[in-house]
Amino acid sequence: MISLHRSCFLNNTGISGSSSPFSYKLKKLPPASVKVTALGPNRDRNSSVLIENHNNPLKEIKEDDTSSVADVDPNPTVTGEDRDLYYDAAATDDQLVTPWSLSVASGYSLLRDPHHNKGLAFNEKERDSYYLRGLLPPTVISQELQVKKMMYSIRQYQVPLQKYMAMMDLQELNERLFYKLLIDNVEELLPVVYTPTVGEACQKYGSIFRRPQGLFISLKEKGKIHEVLRNWPQRDIQVIVVTDGERILGLGDLGCQGMGIPIGKLSLYTALGGVRPSACLPVTIDVGTNNEQLLNDEFYIGLRRRRATGQEYAELMHEFMSAVKQNYGEKVLIQFEDFANHNAFDLLAKYGTTHLVFNDDIQGTASVVLAGLVAALKVVGGTLADHRFLFLGAGEAGTGIAELIALEISKQTNMPLEEARKKISLVDSKGLIVKSRIDSLQHFKKPWAHDHEPIKKLVDAVNGIKPTVLIGTSGVGRTFTKEVVEAMAALNEKPIIFSLSNPTSQSECTAEEAYTWSEGRAIFASGSPFDPVEYKGRVFVPGQANNAYIFPGLGLGLIMSGAIRVHDDMLLAASEALAAQVTQENFDKGLIYPPFRNIRKISAHIAASVAAKAYELGLATRQPQPKDLVKYAEHCMYNPAYQSYR
Ligand SMILES: O=C([O-])CC(=O)C(=O)O
Ligand SMILES: [Mg+2]
């Protein structure tokens with residue numbers, strides 16, 4: 001029999017006995033109904049404790065529970081300074097833990113609990129203590145061997161989508177092994193759990209759907225979002241990635257099937273930025289879809305209706321945003337992802353002053369591209385202000401990048417922002433954005449309407465504007481034609497060409513095209529990965545200008561400083577920190593981004609710079625400020641090594 005002592009402790013994974021180093025106390029009733037079931041040598045395997053809450057009339061307390069329900073703290077969260085937020089992350093062999101969890105019921109269930117399952121890595125003692133005898137074959141293997149075996153098995157699949165499904169299955173089976181695999185093999189597995197494969201997964205989400213991941217909030221849940229959030233098993237949420245599925249990568253409206261994106265982004269928050277998986281909440285808001293093919297697809301998993309717009313849309317989003325703050329407090333980071341232009345800018349403007357929000361497609365992409373440009377200038381020469389920029393695509397990414405470049409030029413030169421913007425031109429589906437179009441332009445395009453003759457075709461814009469930098473954010477593949485790349489190469493000794501649209505099918509040109517058509521002179525980066533290209537005996541390694549370099553570190557920096565708002569200067573700080581991570585050795589290979597295999601170190605530096613900026617701006621609430629922010633960031637990072645169970 002177990003006893004829940006008056007001074008039992010709760011961390012994000014559950015409740016532990018007083019001998020464990022968890023660091024804050026349960027005193028009164030917890031806000032949500034929590035089924036607390038203990039595992040351990042002293043317990044009767046069927047025993048469980050159900051702590052009721054005000055929503056739940058159930059009350060079942062078995063065992064010799066010495067605590068009373070009223071002694072449990074109603075709000076055992078968020079601000080306690082004595083609490084080690086990262087206890088769960090920092091497992092070491094000498095720290096024994098009990099795999100207490102919400103609803104871990106028995107050894108059999110333990111094997112099916114992804115947060116605590118270790119599969120064949122359960123040692124003999126754990127097999128005795130946790131009722132695992134007979135449930136596993138006799139062999140005991142290390143996590144390292146499990147990684148080796150899983151990698152072997154994943155490499156057997158020829159089809160990327162099969163690899164994706166194998167990885168998702170692993171995430172649902174054994175979370176720590178999933179993250180160990182991803183961290184140790186990041187360059188190989190990033191294209192599997194993230195772009196480009198995640199794009200295909202979203203397109204086929206209905207037919208590959210096995211088990212729900214993340215939280216689905218549809219119009220059916222209107223008026224009940226607060227309760228829906230409480231259905232999520234974790235309470236201590238630090239990052240939410242939310243999409244409404246209307247503009248998934250460059251693939252368009254995938255409705256509810258956009259869920260693959262928040263799942264993938266949050267896997268990267270953990271693997272690349274070290275945010276604990278239990279603190280991450282993927283959300284898809286389903287207001288319908290205008291994708292006829294999905295509406296007619298018998299396997300479609302979302303609402304079968306056309307998209308709600310206007311007030312109906314705004315009300316659902318507002319209820320969500322309010323419920324998030326009510327449930328998780330002021331310091332939960334909400335990352336908007338893959339919303340359509342017409343909502344993305346408005347949501348960011350509306351909630352930027354009341355919530356800790358950030359739009360990855362506008363701001364994260366801007367930050368990563370600025371870092372790449374700053375690094376590229378070390379090869380090409382000149383300052384940002386010496387260059388001319390032309391964009392194909394004037395949506396979230398295009399205007400977001402343009403604005404951050406203008407901001408940086410303005411900071412560097414003391415030039416008014418208005419003037420700095422004139423160094424940047426954008427082409428949309430109707431041609432160059434110019435003053436004569438101003439009345440018909442969407443508001444986010446208006447700052448880019450300069451005095452210029454109208455130009456329809458991109459190649460004519462290249463020849464007319466004579467840019468040194470060409471950036472594709474159109475979401476439309478193969479738009480950087482041979483003619484366009486050759487024009488850039490005729491104008492520039494080292495043309496900078498970024499094809500940023502995702503997934504690979506939507507990239508404005510391939511790496512091979514960029515290098516071949518520029519006769520090996522282009523400095524090229526893309527949103528989705530391309531393999532190195534050999535051209536005339538030289539090997540060119542394309543950079544991946546993907547916001548995955550930025551958001552995990554940015555998020556960690558915001559969390560560890562307890563920031564309450566995102567500020568543009570933090571994006572600039574993240575950008576500078578990333579650019580500073582490119583070594584001479586990288587430059588020698590033609591790289592303008594550091595390799596992803598060093599991403600955790602890179603993220604720690606980005607996090608430290610972002611946190612430093614938060615403190616400087618007075619937006620940080622975690623006091624006192626840690627002395628060495630890089631070390632602190634590293635300390636905070638989730639470690640997927642198995643914990644030892646007592
Ligand atoms: O997800 C990615 O690879 C980058 C991104 O945010 C997008 O393309 O929308
Ligand atoms: Mg995106």
- Message: Could you work out, with ring-ring contact (aromatic ring centres under 6.0 Å, His included) as the rule, every residue matching Phe216, not counting sequence neighbours?
- Response: none
- With side chains defined as the heavy atoms from C-beta onward, is the minimum distance between Thr289 and Leu254 less than 4.5 Å? no
- Okay, side chain of Arg437, backbone of Gly431: is any donor-acceptor separation there less than 3.5 Å? yes
- Task: Quick one: which residue pairs count as a salt bridge (charged side-chain N to carboxylate O under 4.0 Å, His left out) with a foot in residues 500-514, not counting sequence neighbours?
- Result: Arg478-Glu513
- Passing option when Asp460 is tested against Ile455, Val427, Ile465 for side chain to side chain contact (heavy atoms under 4.5 Å, CB included): Ile455
- Please answer whether the main-chain N or O of His452 pairs with a side-chain N or O of His450 as donor and acceptor at a distance below 3.5 Å. no
Donor-acceptor list for residues 399-408 side chains, cut-off 3.5 Å, not counting sequence neighbours:
unit_1 : atom_1 : unit_2 : atom_2 : d
Thr399 : OG1    : Gly395 : O      : 2.7
Glu403 : OE1    : Arg421 : NE     : 3.0
Glu403 : OE1    : Arg421 : NH2    : 3.2
Glu403 : OE2    : Arg421 : NH2    : 2.8
Glu408 : OE2    : Gln412 : NE2    : 2.9

- Task: Give a yes-or-no answer on whether the side chains of Glu330 and His355 include a donor-acceptor pair shorter than 3.5 Å.
- Result: no
- Message: If we ignore hydrogens and angles and just use 3.5 Å, is the side chain of Lys446 paired with the main-chain N or O of Ile438 as donor and acceptor?
- Response: yes
- Any idea which heavy atoms bring Thr284 and Pro262 closest together, and the distance? OG1-CG, 4.1 Å
- Item | salt bridge (charged side-chain N to carboxylate O under 4.0 Å, His left out) pairs, two or more places apart, involving residues 249-264 | Asp253-Arg307
- Item | Electrostatic pair Asp451:Lys422 at N-O distance under 4.0 angstrom | no
- Pair listing, salt bridge (charged side-chain N to carboxylate O under 4.0 Å, His left out) test, anchored in residues 311-325, at least two apart: Lys222-Glu315, Arg305-Glu312
- Output every pair passing ring-ring contact (aromatic ring centres under 6.0 Å, His included) with a member in residues 261-313, not counting sequence neighbours, ordered by first then second residue. Tyr269-Phe551
- Task: Enumerate the residue pairs fulfilling ring-ring contact (aromatic ring centres under 6.0 Å, His included) with a member in residues 271-296, sequence neighbours excluded, ordered by first and then second residue.
- Result: none
- Of all residues at least two apart in sequence or in a different chain, which pass the side-chain contact (heavy atoms from CB on, under 4.5 Å) check with Ala349? none
- Is any side-chain N of the basic residue among Arg247 and Glu396 closer than 4.0 Å to the acidic one's carboxylate O? yes
- Message: Applying side-chain hydrogen bond (donor to acceptor under 3.5 Å, both in side chains), can you list everything that pairs with His318, at least two apart in sequence or on another chain?
- Response: Tyr351
- For Arg211, enumerate each residue passing the side-chain hydrogen bond (donor to acceptor under 3.5 Å, both in side chains) test, keeping only those at least two apart in sequence or located in another chain. none
- Message: Using a 3.5 Å distance criterion without hydrogens, assess whether the side chain of Asn185 forms a donor-acceptor pair with backbone atoms of Glu188.
- Response: no
- Can you find a pair of side-chain heavy atoms, one from Leu272 and one from Phe596, that are under 4.5 Å apart? yes
- Task: For Ser501 and Ser507, test the side chains for any donor-to-acceptor distance below 3.5 angstrom and give the result as yes or no.
- Result: no
- Side-chain donor/acceptor of Asn117 to backbone N/O of Leu173, under 3.5 Å: yes
Which donor-acceptor pairs under 3.5 Å do the side chains of residues 197-205 make with protein atoms, sequence neighbours left out?
unit_1 : atom_1 : unit_2 : atom_2 : d
Thr197 : OG1    : Pro191 : O      : 2.6
Glu200 : OE2    : Lys204 : NZ     : 2.7

- Heavy atoms, side chains only, cut-off 4.5 Å: are Met168 and Arg210 in contact? no
- Task: Keeping to residues at least two apart or across chains, list the salt bridge (charged side-chain N to carboxylate O under 4.0 Å, His left out) pairs with something in residues 285-302.
- Result: Glu292-Arg306
- Query: Would a 4.5 Å heavy-atom cut-off, applied to side chains only, mark Val193 and Leu268 as touching?
  - Reply: yes
- Close side-chain approach of Asp346 and His443, heavy atoms under 4.5 Å: yes
- Query: Hey, what's the ring geometry for Phe524 with Phe530, parallel, tilted or perpendicular (30° and 60° as the breaks)?
  - Reply: tilted
- May I ask you to test the Ser603-Tyr549 pair for a side-chain heavy-atom distance under 4.5 Å? no
- Under 3.5 Å, side chain of Ser474 to main-chain N/O of Gly393, donor-acceptor pair present? no
- Query: In terms of the angle between their ring planes, are Phe498 and Tyr593 parallel, tilted or perpendicular, with boundaries placed at 30° and 60°?
  - Reply: tilted
